[in-house]
Amino acid sequence: MPEGPSIVILKDLIRELHLGKPEVLEVTGNAKNFDKDRLLHQKVEGFKSWGKHFLICFNDFTVRIHFMLFGSYLINGRKKTPVKLGLIFKKDELNFYTCKVDLLEGNVKEHYSWENDVMADEWSSSAAIKKLKEKPNALVCDVLLDQQIFSGVGNIIKNEVLYRTRIHPLNKIEDLPPAKLKALVKEARNYSFDFLKWKKDNTLSKHWEVYSKKECPLQHKIDKRELGKTHRQTYFCEKCQKTVK
DNA sequence: GCGCTTGTTCTCGC
DNA sequence: TGCGAGAACAAGCG
């Protein structure tokens with residue numbers, strides 16, 4: 001569920017409902033960190049996403065949903081696990097489970113910069129490169145997960161992007177030749193759109209080249225280790241992915 | 001029943 | 001007081 005492309009899928013599914021600007025007729029759920037009555041009888045002005053954040057925008061505030069690792073949602077359906085937030089409209093309802101819900105005051109544009117959302121039209125690769133150069137000592141396996149640089153990229157995308165670009169996860173940013181750095185940034189966005197397409201087709205896992213695999217496409221043995229400050233599982237091929245230094 | 005995980009935030013100790 | 005490492009939290013699948 002949680003990586004950026006999956007949030008785009010949620011946004012697309014809601015678009016297909018043709019809700020327009022629906023009024024919230026009822027609010028359910030056990031989210032306690034804000035007053036749910038704030039939403040009652042308010043009109044949703046739009047559904048947006050920023051990276052892994054799903055945003056339900058109202059006139060002067062926005063509800064932010066973060067699915068973390070285990071979050072889920074149902075459109076016009078309910079399940080047994082307690083609902084965290086449910087919005088009931090005239091014909092349709094949205095239910096969110098096991099997620100973090102927060103209320104952001106004011107205009108949502110004050111809270112986010114879309115140039116670092118790998119899925120956004122506003123994505124700026126030059127801004128990403130600039131931010132990477134400010135972290136010369138950081139490891140590539142860590143920077144890909146930095147939501148202020150690659151908002152929306154998660155652990156699957158990280159691993160696949162590193163393999164596609166043949167970059168070893170333990171390379172430092174400062175050791176990457178400019179062309180490699182550029183390729184890294186380009187592929188972070190490019191693979192994210194492949195992820196979106198394959199996830200929609202239900203064929204995402206079939207296309208994994210290293211993530212959760214035992215062998216790379218060239219039949220080399222895959223290493224699986226917790227690497228970097230982030231300590232996330234990293235799947236990589238020592239033969240295909242080279243350290244520069 | 002256990003181990004694992006597409007993630008983030010908070011606490012604690014130095 | 002600032003920091004980084006580790007804990008904490010969560011649900012469902014094989």
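All chains are named by letter (A, B, ...) in the order of the sequence lines, taking the proteins before the strands, and each is independently numbered beginning at 1.
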Starting at CD of A/Gln233 and ending at C1' of B/dG7, how long is that distance when rounded to a whole Å? 14 Å

Out of B/dT5, B/dT6, B/dT8, minimum distance to the side chain of A/Lys224 belongs to B/dT5

Nucleotide B/dC4, atom C1' - distance to NZ of A/Lys213 in whole Å: 18 Å

Would you measure the distance from the C1' atom in B/dT9 across to the matching atom in C/dG12 and give it in whole Å? 22 Å

What integer distance in Å separates A/Leu145:CG from B/dT5:C1'? 14 Å

Taking for each residue the nucleotide of DNA chain C with the nearest heavy atom, is it A/Ser72 or A/Met68 whose nucleotide lies nearer the 5' end? A/Met68

Flag the pair A/Tyr73 / A/Leu94 as yes when at least one side-chain heavy-atom distance between them is below 4.5 Å, and no otherwise. no

Have a look at A/Lys199 and say if it touches a base, only the backbone sugar-phosphate, or nothing, with a 4.0 Å heavy-atom cut-off. base

Integer-rounded Å distance: C/dA10 C1' and A/Phe67 CZ: 14 Å

Answer yes or no: are there more than 12 heavy-atom neighbours, outside A/Lys180 itself, under 6.0 Å from its atom NZ? yes

Figure out the OH/P separation between A/Tyr97 and C/dC9, and round it to whole Å. 24 Å

Quick note, A/Tyr235 side chain, CB onward, closest among B/dT5, B/dG7, C/dA10 is B/dT5

Nucleotide B/dT6, atom C1' - distance to CD1 of A/Ile9 in whole Å: 12 Å

Regarding the side chain of A/His66, the nearest nucleotide among B/dT8, C/dG6, B/dT5 is B/dT8

What does C/dC3 pair with, Watson-Crick or G-U, if both distances are under 3.5 Å? B/dG13

How many Å lie between CD1 on A/Ile7 and C1' on B/dG7, as a whole number? 11 Å

Is A/Lys52 close enough to B/dT8 that one of its side-chain N or O atoms is under 4.0 Å from OP1 or OP2 there? yes

Between B/dT5, C/dA11, B/dT8, which nucleotide gets closest to the side-chain atoms of A/Leu69? B/dT5

A/Lys131/A/Asp146 salt bridge by N-O under 4.0 Å criterion: no

With respect to the side chain of A/Thr81, which nucleotide from B/dT8, C/dG12, B/dT6 is positioned closest? C/dG12

When both hydrogen-bonding distances must be under 3.5 Å and the geometry is Watson-Crick or G-U wobble, what is C/dG12 paired with, if anything? B/dC4

Value in whole Å for how far the C1' atom of B/dT6 lies from CZ of A/Phe54: 18 Å

Within a reach of under 6.0 Å around NZ of A/Lys48, are more than 12 heavy atoms found that belong to other residues, nucleotides or ligands? no

For A/Tyr211 and for A/Lys100, locate the closest nucleotide of DNA chain B by heavy-atom distance; then report the residue assigned to the nucleotide nearer the 5' terminus. A/Tyr211

Distance between C1' atoms of B/dT6 and C/dA5 (Å, rounded): 23 Å

Just wondering, are more than 12 heavy atoms of other shown residues or ligands nearer than 6.0 Å to NZ in A/Lys197? yes

Ignoring hydrogens and geometry, is there a side-chain-to-backbone donor-acceptor pair from A/Lys52 to A/Val153 under 3.5 Å? yes

Would you please confirm or rule out a distance under 4.0 Å between OP1 or OP2 of B/dT5 and any side-chain N or O of A/Arg232? no

